[in-house]
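Since the model is a prediction, treat every value here as computed from it, not as a measurement.
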Amino acid sequence: NMAAASAPRPPRPRKEPQPLVIPRSAAEEQRLRLERLMRNPEKTVPIPEKLNEWAPRPPPEFVRDVMGSSAGAGSGEFHVYRHLRRREYQRQDFMDAMAEKQRLDEEFQKKLERNKMIAEEQTAKRRRKRQKLKEKKLQAKKNKLEQKKQEK
């Protein structure tokens, strides 16, 4: 058994050392990453999934530690209150942020629609102009032909 343990192991294939390259720009960094990916095309590439946004946890269905009706609060009540208040403020801030985001999204969509309409109007205007020119040219051609016929 000792002989098997001391038997020489075949040497592991060495990776060729990669030169250290410090990217000078974002484009160069991108290029280096792509090169590294393309070195082994069979290897799978991890694609990160979109992180779902943080949302406050919903209020509890059943509140267990309701404050008692006896006078005076215990030494721990303030901290309980403080946590509840912090959570409520966080929830309100979240709701405000979501409303603002929705408003901005709607504004953006309206702006897109407006730009699309303006672009379509411009296109229609230019189309009409082209049609007019075309008709003018055709008319001029007809007039020329008429003049030639009259001359003959």
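- Lys136 is not listed as a side-chain neighbour of Lys132, based on a closest heavy-atom distance of 4.5 Å or more.
- Within the structure, ring pair (Phe, Tyr, Trp, His ring centres under 6.0 Å) pairs that include any residue of residues 99-149 do not occur (at least two apart or interchain).
- Atom CD1 in Ile118 sits 11.5 Å away from atom CD in Glu113 (nearest 0.5 Å).
- Connection of Leu138 to Leu133 is not established within any shared hydrophobic cluster, with ILVMFWY side chains joined at heavy-atom distances below 4.5 Å, either directly or through further cluster members.
- The heavy-atom pair separating Trp54 from Phe94 by the smallest distance is O-CE1, 3.1 Å.
- More than 12 non-hydrogen atoms from other residues, nucleotides or ligands lie less than 6.0 angstrom from CZ of Arg39.
- Atom CZ in Arg126 sits 9.0 Å away from atom CZ in Arg130 (nearest 0.5 Å).
- Salt-bridge check for Arg103 with Glu100: passed, with a basic side-chain N closer than 4.0 Å to an acidic carboxylate O.
- Here CG of Leu145 is found 10.0 Å from NZ of Lys142. Values are rounded to the nearest 0.5 Å.
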List, one per line, each side-chain donor-acceptor pair under 3.5 Å for residues 24-35, sequence neighbours excluded.
{"unit_1": "Ser25", "atom_1": "OG", "unit_2": "Glu28", "atom_2": "N", "d": "3.2"}
{"unit_1": "Glu28", "atom_1": "OE1", "unit_2": "Arg24", "atom_2": "N", "d": "3.2"}
{"unit_1": "Glu29", "atom_1": "OE2", "unit_2": "Arg33", "atom_2": "NH2", "d": "3.1"}
{"unit_1": "Arg31", "atom_1": "NH1", "unit_2": "Glu35", "atom_2": "OE2", "d": "2.8"}

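- Leu84 CG to His79 NE2: the interatomic distance, rounded to the nearest 0.5 Å, is 13.0 Å.
- Residue Glu88 holds its CD atom at 10.5 Å from CD of Gln90, rounded to the nearest 0.5 Å.
- Side-chain contact check for Arg87 versus Arg82: every heavy-atom pair is 4.5 Å or farther apart.
- Once rounded to the nearest 0.5 Å, the distance linking NZ of Lys125 with OG1 of Thr123 reads 11.5 Å.
- Here the side chains of Lys141 and Glu146 are not in contact, with every heavy-atom distance at 4.5 Å or above.
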